[in-house]
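Both ligands and their constituent atoms are indexed starting at 1 by order of listing.
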Amino acid sequence: MPILEVKQLSIAFEQYGKGLRQETLKVIHRLELTMNEGEITAVVGSSGSGKSLLAHAILGILPQNAKVTGEMKYDGQRLTPSLQSVLRGKEIAFIPQSVSYLDPLMKAGRHVRLAVREGKPAEEQRRVFEQYRLPRQAEKLYPFQLSGGMARRVLVSTAVVSKARLVIADEPTPGLDPAAIEETLRWLRELKEDGSAVLLITHDLEAALQVADQVAVLYAGTSVEQAPAADFAGSGEALRHPYSRALWRALPQNDFAPLAGTQPTPRALPPGCLFAPRCSHATAACAQELPEQRAVRGGRVRCIHAT
Ligand SMILES: Nc1ncnc2c1ncn2[C@@H]1O[C@H](COP(=O)(O)OP(=O)(O)OP(=O)(O)O)[C@@H](O)[C@H]1O
Ligand code: NI
């Protein structure tokens, strides 16, 4: 049984537009994701594709003005707001995109001790600090006194001591040098070896493929494909969606060929398939309606032409 299933997730924001008229901005459209126990699932997509909103929806930390529809299941149970609040920070751990999620008034050691679920908090915290090469004195430091590298280690330590079954890491490698990226990916692999399922959110497909078992590709607020990581190979012939193939081909070790055009914004979405305006295979039928995501060759794809 999957540890997490997201089906037909849609998110809209009620907000005030020009002239204080209320408007509804649809940003996530029928997004789907399945995660298996003990696997690393990468969610890749460019800026604004909906990666962080997906994470926040799973955790139940979307802003008040977000309207959410669709279905999420954790370990076979409906992921309701009350279940989310029970699991959050415990069975489901979050390594946020920004260190600013650390409570500015809480010392690093206490932050980690509060997440300990098994064993003695003080002992576990010291053990994990050693494991992640955090100096003993760091436990007494406030977030603003930590270096960027130390703060990342504190965030990972917090996830590790919680022994979470599901760890969601939002963009854990932005702007890091190659050694720091390697290190962060190693931490994620260790979490997996310790039995956690890891959701790795990143715009860096190359980094994702170093650790992921499955890859979900997002575009303009929807999922276009979920595929085994092994399908990202050769010229991308095993992939099912033209956008996943384009992402793969754009990598430096492949054709390095950028895709022309830009991702549409929520205010200017095309009708039908959201990728159609940039797709060389698009036909008139593509503009009819947003295709459903369906099973094709051991993966899932949202494209009427995929075979
Ligand atoms: N609170 C909000 N109100 C209105 N629109 C929002 C809100 N939060 C996010 N959005 C919009 O939803 C879309 C998806 O945003 P999201 O933060 O999930 O993207 P992302 O894939 O995480 O991007 P990045 O790689 O830059 O972190 C974007 O178009 C964004 O502008
Ligand atoms: Ni984000």
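Nearest protein heavy-atom neighbour of atom 18 (O) of ligand 1: Leu53 N, 2.9 Å. Protein heavy atom in closest approach to atom 4 (C) of ligand 1: Phe13 CD1, 3.4 Å. Scanning the protein for heavy atoms near atom 25 (O) of ligand 1, the closest one is Lys51 NZ, 2.8 Å. Among all protein heavy atoms, the one lying closest to atom 17 (O) of ligand 1 is Ser52 CB, 3.7 Å. Looking from atom 23 (O) of ligand 1 to the surrounding protein, the closest heavy atom is Gly48 N, 2.9 Å. In this structure, atom 27 (O) of ligand 1 lies nearest to the protein heavy atom Gln97 NE2, 3.1 Å.
Between the side chains of Glu32 and Gln226, not a single donor N or O lies within less than 3.5 Å of an accepting N or O.
Counting only distance, with no hydrogens or angles, the side chain of Arg245 and the backbone of Glu237 share no donor-acceptor pair below 3.5 Å. Under the 3.5 Å distance criterion, the side-chain polar atoms of Lys51 are left unmatched by any main-chain donor or acceptor of Val43. In this structure, the side chain of Asp170 does not engage the main chain of Ser52 through any donor-acceptor pair within 3.5 Å. In this structure, the side chain of Arg302 does not engage the main chain of Leu290 through any donor-acceptor pair within 3.5 Å. Under the 3.5 Å distance criterion, the side-chain polar atoms of Thr202 are matched with a main-chain donor or acceptor of Asp204. Not a single donor-acceptor pair under 3.5 Å links the side chain of Arg113 to the backbone N or O of Gln125. Using a distance-only test at 3.5 Å, with no hydrogens or angles considered, no donor-acceptor pair links the side chain of Arg240 to the main chain of Val224.
Cluster annotation: Leu209 and Leu185 are assigned to distinct hydrophobic clusters (Ile/Leu/Val/Met/Phe/Trp/Tyr, side-chain heavy-atom contacts under 4.5 Å, transitive).
At a heavy-atom cutoff of 4.0 Å, ligand 1 is contacted by the side chain of Val27 but not by its backbone. Contacts of Ser47 with ligand 1, taken as heavy-atom pairs under 4.0 Å, involve both backbone and side chain.
A heavy-atom separation below 4.0 Å is not found between Ala66 and ligand 1. The closest approach between Gln15 and ligand 1 falls below 4.0 Å for a heavy atom of the residue. At a 4.0 Å cut-off, not a single heavy atom of Gly45 sits close enough to ligand 1 to count as contact. Heavy atoms of Pro266 come nearer than 4.0 angstrom to ligand 1 in at least one pair.
Close approach of ligand 1 to Ser46 (heavy-atom distance below 4.0 Å) involves ligand atoms 21 (O).
For Arg294, the CZ atom is densely surrounded, since the number of other residues' heavy atoms within 6.0 Å is greater than 12.
Distance check for atom 9 (C) of ligand 1: a protein heavy atom is found below 4.0 Å. Distance remark: protein heavy atom present below 4.0 angstrom from atom 1 (N) of ligand 1.
Residue Asn65 has no N or O atom closer than 3.5 Å to an N or O atom of ligand 1. When only interatomic distances are considered, the shortest N/O to N/O separation between Pro63 and ligand 1 does not fall below 3.5 Å.
Here the two rings, on Tyr219 and His241, have centers that are 6.0 Å apart or farther.
Between the Ni ion (ligand 2) and Ser47 there is no N/O/S contact shorter than 2.8 Å.
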